[in-house]
Asks: 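Quick one: this structure, given as structure tokens, is what I'll be asking you about.
In this chain, residues are counted from 1 in sequence order. Since the model is a prediction, treat every value here as computed from it, not as a measurement.
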Amino acid sequence: MSDSPLGAAGSEVPQLEEPLVEDASSEEEDETFREPDNRSIRHEMTVSRQEWQERRQSLADLYGDELPSPDARDLSGRVSNRVKKGSVYFAQGDIHVGQGRSQPAVTINELTETEIADVQRTLIPTQSQTEVRRLLDSRRLVLLGGAAETGKATTALAALLDWGGRVSWIMPHGASTPNPREWKLESGHGYLLDLVDTPAAVDGVTTGLKRAGVNADCRVIVLVPEHVQSSIAPVIEHDPPPNRRVFTKHLSVQASGTRLAAEDQQMLDEELRALTAPWQVVELVRQVAAAVESGSSIETMLNRRFHRMRSKVGKDLERRRPTLGRCFMTSIAVLHGLPEAEISGAALALAERLDEKWRRDHSPKPVQLWENLPAWLDYVDAEATPAGPGGGRSIRLRRPELASVMLRVIWEDQPTIRDSLVDWLIWLGGEGSWHTRIKVGHAVGKLATFDFALVNERFLEVWSRSRRSRDHQLAALALEAAAEDPSMTRRVHLHLDSMIHGNDAKKAIAIRAYASSVGLSAPDQALAAFKTLVLTRGAKFHHDVAQSLAYLYRRSTAPTVMNHLADWISHGGAAGRRGAALAFGRLAALSVSSPERPHPSELDPHPSLVMLWHNALSYEEEGNLVVPESWDLLLNEWLRHYDERPTVREITDQIFSLTDVRNAERALLYLRLWRHHGEISAELHHHLRQLVHRS
């Protein structure tokens with residue numbers, strides 16, 4: 001035999017450093033994607049788990065309190081609602097469905113009685129609602145246009161409810177384009193479809209809708225961007241309700257009988273004038289109601305809100321002392337929570353870039369030095385926390401939510417430093433530790449929520465022309481962070497869909513980006529992309545796909561993931577078997593099992609588990625197993641549960657009953673080795689040997 005049991009179950013191999021290759025032309029591109037050898041799957045999965053946890057913490061710090069609380073139901077622009085086997089997130093202009101199972105192109109979900117009551121209790125009638133309702137008497141299809149996040153959905157829902165009393169959302173998944181010919185529209189029913197993010201699809205989808213509704217006495221309202229023209233259906237431009245009226249109506253519902261003092265109302269009126277979307281007003285109402293209930297002051301609550309914090313940051317930036325304080329503010333806005341040395345060093349690097357760019361006389365005029373760290377910390381309201389003996393100090397803002405506010409103010413209100421800021425971020429991401437890369441990638445993703453096109457041009461396109469793995473990681477992290485804003489998720493899906501069809505660097509970025517909430521919101525889209533790359537692009541993407549697929553594995557997605565891997569084996573030839581072996585090896589090596597991500601041995605037996613194990617235990621290249629740790633994983637992550645887990649017993653007996661000659665020899669050798677070292681009982685050793693001999 002060519003496989004040594006000791007080699008297969010040997011010690012962990014440290015993760016190899018990422019290749020650092022300079023940017024190159026497309027004809028040299030393949031040199032970047034050579035597969036590293038001898039990766040330890042257990043070590044890789046441990047590192048990945050640590051990275052995923054750090055990414056989630058970074059995103060939590062970056063977004064802070066900006067997004068509405070998950071328990072707030074705001075039908076004036078944003079809805080969070082339960083559906084069967086998953087969740088629906090609806091932002092004005094964006095609908096996201098995460099169901100963790102094989103999904104059609106769209107899902108149609110009817111409003112519940114509670115949601116209908118919410119619409120009716122908090123509705124502010126508008127002229128556009130009146131016009132849409134009038135058209136529904138004679139038209140089956142109406143388009144409602146207007147700026148994003150202005151309450152179009154509520155207007156449409158109210159008009160449809162007034163027409164027929166029953167309403168459903170037609171919810172696209174991922175980057176899929178709705179195909180009305182696949183829908184079954186019911187008579188007497190109203191439907192809402194959002195095409196705000198796909199204006200190019202409006203004509204095709206609305207034409208299909210008109211045909212699909214010919215034999216059904218139903219009504220459909222399609223949400224479209226501003227100033228859309230259509231020859232297929234009438235277009236009504238939405239007029240958003242005044243913020244003050246939305247506030248008053250929702251406050252009367254959420255905190256009935258509340259009377260605000262004149263000075264509190266004056267402060268709230270000032271805050272309302274700064275808000276641009278009805279959902280923001282509803283979130284303000286929730287915070288006011290919570291403050292009133294807890295007995296805290298309105299002013300204290302307002303001081304923690306974005307617009308007040310933005311004003312404070314703007315005033316701080318106007319202060320001229322300390323000289324390097326503004327660079328330190330920029331550095332901590334990006335690297336909040338990292339060691340003091342990294343944050344201070346990054347601040348000095350930014351100061352040097354700015355000094356070099358704006359120095360007019362070319363005189364040797366160095367950056368001002370000898371400023372003390374306490375002055376910087378006071379300037380940004382931060383503190384340095386010791387990390388233990390010899391561990392240095394980390395710097396954290398006393399109010400972590402200020403980090404994203406600082407980032408936004410610096411980006412939007414300081415255009416003269418933007419070029420230097422872009423160069424600094426690209427340099428910082430390329431040279432820093434993996435902790436720094438996470439922070440930089442997520443900061444760039446946050447910038448993308450302010451101006452996606454500009455960030456795509458200055459960052460994503462630059463990184464997608466690189467052959468360096470760390471640059472691909474930065475771009476993926478940026479897309480992950482951008483998608484955390486619900487109003488950006490569908491746009492990120494569309495962007496990834498185009499990247500999958502781009503150059504190899506873009507494909508690598510998309511694979512990494514799908515290992516996030518983006519992939520979990522549309523697992524079939526991610527898995528379809530993985531299949532294409534595994535089966536058509538040789539071995540260059542197999543390890544990256546395996547890692548990303550392991551992230552998508554959840555209790556709810558497990559059947560879908562297993563089905564896809566089985567399909568790779570059955571219909572994907574050698575490439576499919578190799579990709580499936582690498583991916584399943586990572587599922588078998590899950591280092592920590594949780595209710596959300598149970599080990600495969602804890603699930604009900606899946607029909608493909610035997611096939612997946614056989615493939616991982618036997619698939620070879622040049623006489624060596626593609627997953628040399630597979631037999632070690634079978635012992636330590638599977639057989640040790642033989643007595644207490646029915647799935648393990650059932651699948652194990654089938655594994656050892658269906659072996660070819662070469663695999664039978666390998667199985668007998670490993671069984672003898674395990675028994676010699678006391679890894680398995682004499683009874684189990686005898687039982688499994690008998691199964692092998694009978695096969």
Asks: Should E51 and Q473 count as side-chain neighbours, where that means a heavy-atom distance under 4.5 Å?
Replies: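 A side-chain contact exists here, since the closest heavy-atom pair is under 4.5 Å.
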
Asks: Considering residues, nucleotides and ligands other than R259, do more than 12 of their heavy atoms fall under 6.0 Å from its CZ?
Replies: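 No, the 6.0 Å shell around CZ holds no more than 12 heavy atoms from other groups.
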
Asks: Measure the spacing between CD of E342 and OG of S331 and express it to the nearest 0.5 Å.
Replies: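 E342 CD to S331 OG: 9.0 Å, rounded to 0.5 Å.
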
Asks: Any luck finding a side-chain donor-acceptor pair between S469 and R512 under 3.5 Å?
Replies: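 There is such a pair between these side chains.
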
Asks: Do side-chain atoms of K439 reach the backbone of H336 as a donor and acceptor pair under 3.5 angstrom?
Replies: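 At least one qualifying donor-acceptor pair exists.
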
Asks: Keeping the roles fixed (side chain from D544, backbone from I511), state whether a donor-acceptor pair exists under 3.5 Å.
Replies: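 Side chain of D544 to backbone of I511: no pair is present.
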
Asks: Is there a donor-acceptor pair closer than 3.5 Å between any side-chain N or O of S464 and the backbone N or O of A505?
Replies: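 The answer is no, because no donor-acceptor pair under 3.5 Å joins these two groups.
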
Asks: Say you draw a straight line from CG of L397 to CG of L377; how long is it, rounded to the nearest 0.5 Å?
Replies: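 It comes to 9.5 Å.
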
Asks: Taking all atoms of both residues into account, what is the closest heavy-atom pair of T150 and H238, and its distance?
Replies: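 The answer is O-NE2, 2.8 Å.
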
Asks: Hey, is the main chain of H495 close enough, under 3.5 Å, to the side chain of S498 for a donor-acceptor pair?
Replies: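 Flag set: sc S498 to bb H495 pair under 3.5 Å.
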
Asks: E431 vs R470, test: salt bridge (charged side-chain N to carboxylate O under 4.0 Å, His left out). Steps then yes/no.
Replies: CA-CA 9 Å; E431 299 299 324; R470 63 174 56 201; 5.8 Å; no

Asks: Kindly indicate whether the side chain of D269, heavy atoms from C-beta on, has any atom under 4.5 Å from the side chain of F247.
Replies: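 A side-chain contact under 4.5 Å is absent here.
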
Asks: Taking the six-membered ring for Trp, are Y514 and H493 parallel (under 30°), tilted (30 to 60°) or perpendicular (over 60°)?
Replies: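 Judged by the thresholds at 30° and 60°, the geometry between Y514 and H493 is tilted.
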
Asks: Say whether, by atom type as modelled, one donor and one acceptor occur between the side chain of R326 and the main chain of I410 under 3.5 angstrom.
Replies: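 Not a single qualifying donor-acceptor pair exists.
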
Asks: How far does CG of L474 sit from CG of L479, to the nearest 0.5 angstrom?
Replies: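 Going from the CG atom of L474 to the CG atom of L479 covers 11.0 Å.
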
Asks: How long is the gap from CE on M267 to CG on L302, to the nearest 0.5 Å?
Replies: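 Going from CE on M267 over to CG on L302, the span is 6.0 Å.
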
Asks: Is the number of heavy atoms from other residues, nucleotides or ligands under 6.0 Å of Q50 CD greater than 12?
Replies: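 Result for CD/Q50: enclosed.
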
Asks: Does a salt bridge link D419 with R458, judged by any charged N lying under 4.0 Å from a carboxylate O?
Replies: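 A salt bridge links D419 with R458.
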
Asks: Tell me, do L251 and L260 make a side-chain contact under 4.5 Å, heavy atoms counted?
Replies: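 Contact flag for L251/L260 side chains = yes.
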
Asks: List the steps and the verdict of side-chain hydrogen bond (donor to acceptor under 3.5 Å, both in side chains) for S296 and S294.
Replies: CA-CA 6 Å; S296 59; S294 65; 3.1 Å; yes

Asks: With no hydrogens and no angle check, is any side-chain donor or acceptor of S521 less than 3.5 Å from a backbone partner on V518?
Replies: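 At least one qualifying donor-acceptor pair exists.
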
Asks: Salt bridge or not between K152 and D194? Use side-chain N to carboxylate O under 4.0 Å.
Replies: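 Salt bridge between K152 and D194, a charged N being under 4.0 Å from a carboxylate O: no.
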
Asks: Walk me through whether E283 and R286 qualify under salt bridge (charged side-chain N to carboxylate O under 4.0 Å, His left out).
Replies: CA-CA 5 Å; E283 181 66 8; R286 185 192 66 79; 2.8 Å; yes

Asks: Can you tell if the side chain of L425 reaches within under 4.5 Å of the side chain of L447, non-hydrogen atoms only?
Replies: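 Yes. Closest side-chain heavy atoms under 4.5 Å.
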
Asks: Let's go through V334 and W424 carefully: what are the C-alpha distance in whole Å and the side-chain angles of both, what is the deciding distance for side-chain contact (heavy atoms from CB on, under 4.5 Å) to 0.1 Å, and is it a yes or a no?
Replies: CA-CA 11 Å; V334 175; W424 174 73; 4.1 Å; yes

Asks: Please assess M301 against I298 for the test side-chain contact (heavy atoms from CB on, under 4.5 Å), listing each intermediate value before the final yes or no.
Replies: CA-CA 5 Å; M301 179 273 293; I298 298 298; 4.2 Å; yes

Asks: For E44, is there any backbone N or O sitting under 3.5 Å from a side-chain donor or acceptor partner on S48?
Replies: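 Flag set: sc S48 to bb E44 pair under 3.5 Å.
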
Asks: Near Q53 CD, under 6.0 Å, is it more than 12 heavy atoms from other residues, nucleotides or ligands?
Replies: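 Above 12, so yes.
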
Asks: When you check the gap from the basic side-chain N to the acidic O, do E383 and R393 get nearer than 4.0 Å?
Replies: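 R393 and E383: not salt-bridged.
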
Asks: Closest approach of S516 and L552, non-hydrogen atoms and distance?
Replies: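 Nearest heavy atoms, S516 then L552: O-CD2, 4.4 Å.
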
Asks: I need the R55 CZ to I438 CD1 distance, nearest 0.5 Å.
Replies: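 It comes to 7.0 Å.
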
Asks: For Y553 and P598, which heavy atoms make the closest approach, and how far apart are they?
Replies: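 Closest approach of Y553 to P598, heavy atoms only: OH-O, 2.7 Å.
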
Asks: For E461, is there an ion pair with K506 - N to carboxylate O distance below 4.0 angstrom?
Replies: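 Salt bridge flag = yes for E461 with K506.
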
Asks: Quick one: does E115's side chain have a donor or acceptor within less than 3.5 Å of a partner on T112's backbone?
Replies: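 Present.
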
Asks: Less than 4.5 Å apart, side chain to side chain, heavy atoms only: is that true for R597 and R555?
Replies: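 A side-chain contact under 4.5 Å is absent here.
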
Asks: Begin from the C-alpha positions of L477 and E480 and carry the test side-chain contact (heavy atoms from CB on, under 4.5 Å) through to its verdict.
Replies: CA-CA 5 Å; L477 288 165; E480 172 186 45; 3.6 Å; yes

Asks: Do the side chains of V253 and D118 get nearer than 4.5 Å, heavy atoms only?
Replies: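 No - every pair of side-chain heavy atoms lies 4.5 Å or more apart.
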
Asks: Find the distance between CG (L335) and OG1 (T330) and round it off to the nearest 0.5 Å.
Replies: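 If we round to the nearest 0.5 Å, L335:CG and T330:OG1 are 10.5 Å apart.
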
Asks: Side-chain contact test, heavy atoms from C-beta onward, threshold under 4.5 Å: evaluate it for L111 versus W169 and give yes or no.
Replies: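 They are in contact (side-chain heavy atoms under 4.5 Å apart), so the answer is yes.
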
Asks: Can you give me the closest heavy-atom contact between T126 and D239, atom names plus distance?
Replies: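 So the two residues come closest at CG2-O, 3.4 Å.
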
Asks: Heavy-atom distance under 4.5 Å between the side chains of W463 and V444, does that happen here?
Replies: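 Yes, their side chains come closer than 4.5 Å.
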
Asks: Search all heavy atoms of A443 against all heavy atoms of L62 and return the closest pair with its distance.
Replies: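 Scanning both residues, the minimum pair turns out to be N-CD2, 4.3 Å.
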
Asks: Tell me, with the steps shown, if D61 and H442 meet side-chain contact (heavy atoms from CB on, under 4.5 Å).
Replies: CA-CA 10 Å; D61 288 344; H442 285 169; over 6 Å; no

Asks: For the side chain of Y63 and the backbone of A481, is there at least one donor-acceptor N/O pair under 3.5 Å apart?
Replies: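 Checking the backbone N and O of A481 against the side chain of Y63, a donor-acceptor pair under 3.5 Å is found.
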
Asks: Aromatic ring centroids of F450 and W411 under 6.0 Å?
Replies: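 Ring centres of W411 and F450 not closer than 6.0 Å.
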
Asks: On a heavy-atom basis, which atom in A347 and which in C327 lie closest, and how many Å separate them?
Replies: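 That would be O-CB, 3.5 Å.
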
